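Residue numbers count from 1 along this sequence. No experiment lies behind these values; they were computed from the predicted model shown.
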Amino acid sequence: MADPWRYATDGVSIAVRVTPRGGRDDIDGIETMANGRSVVKVRVRAVAEGGEANRAVTELLSKRLGVPKRDVRVLSGTTSRVKQIAVDGDPTQLGAMLRRITAATPDDTDDRTDT
């Protein structure tokens with residue numbers, strides 16, 4: 001399965017599928033949609049009105065990726081459940097963090113190697 005994020009020189013672009021009013025703010029891993037596209041599944045407590053869910057998604061990603069809120073923004077899909085989110089920062093570090101927080105198994109060991 002392809003990663004649901006793309007690398008750029010100044011950060012990453014993440015494809016997400018948002019569940020507003022999802023009971024909690026969390027990242028539920030990676031899902032392959034019917035069209036074959038991979039997305040990061042995100043649920044937020046906020047409602048999808050007045051940009052509340054978009055704000056909750058950017059705040060959650062900011063917190064989980066350890067970047068300032070100003071470095072996370074919605075690129076496209078502001079009124080859709082499927083969105084492209086841009087995160088500014090070191091693309092290598094962001095990719096490693098995304099891999100860690102979307103891992104399916106909670107007991108993953110840290111298997112990073114410096115090469």
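Without hydrogens or angle criteria, Asp90 side chain to Thr92 main chain gives a donor-acceptor distance under 3.5 Å. For Ser38 (side chain) and Ala2 (main-chain N/O), a donor-acceptor pair under 3.5 Å exists by modelled atom type. A donor-acceptor contact shorter than 3.5 Å is absent between the side chain of Lys41 and the backbone of Glu31. Between the side chain of Ser62 and the backbone N or O of Val72, no donor-acceptor pair lies under 3.5 Å.
Hydrophobic cluster membership is shared by Val87 and Tyr7, with clusters built from Ile, Leu, Val, Met, Phe, Trp and Tyr side chains linked at under 4.5 angstrom.
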| said: Please evaluate residues Arg17 and Val40 with respect to the criterion side-chain contact (heavy atoms from CB on, under 4.5 Å), reporting the C-alpha separation (whole Å), side-chain torsions for both, the decisive distance (0.1 Å), and the verdict. | reply: CA-CA 6 Å; Arg17 181 176 176 274; Val40 174; over 6 Å; no
| query | Please walk me through it: do Trp5 and Thr102 pass side-chain contact (heavy atoms from CB on, under 4.5 Å)? | reply | CA-CA 11 Å; Trp5 52 85; Thr102 58; 3.9 Å; yes
Side-chain donor-acceptor distances from residues 18-30 under 3.5 Å, at least two apart:
unit_1, atom_1, unit_2, atom_2, d
Thr19, OG1, Arg81, NH2, 3.4
Asp25, OD1, Arg45, N, 2.7
Asp26, OD1, Arg64, NH1, 3.3
Asp28, OD2, Arg43, NE, 2.6
Asp28, OD2, Arg43, NH2, 3.1

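Rounding to the nearest 0.5 Å places CG of Leu98 at 8.5 Å from CG of Asp3.
With sequence neighbours excluded, the residues satisfying side chain to side chain contact (heavy atoms under 4.5 Å, CB included) with Ser13 are Arg6, Leu75, Gln84. Considering only residues two or more places apart in sequence or on other chains, Glu52 meets the side chain to side chain donor-acceptor pair (under 3.5 Å) condition with Arg55.
Among residue pairs with one or both ends in residues 68-78, those qualifying as side chain to side chain donor-acceptor pair (under 3.5 Å) are Arg73-Asp88; sequence neighbours excluded.
Scanning all heavy atoms of the two residues, the minimum distance from Ala53 to Ala48 falls at CB-CA, 4.0 Å.
Here the side chains of Leu65 and Ile101 are in contact, with some heavy-atom distance below 4.5 Å.
Taking a 4.5 Å side-chain heavy-atom cut-off between Ile, Leu, Val, Met, Phe, Trp and Tyr, the cluster of Val39 extends to Met33, Val82.
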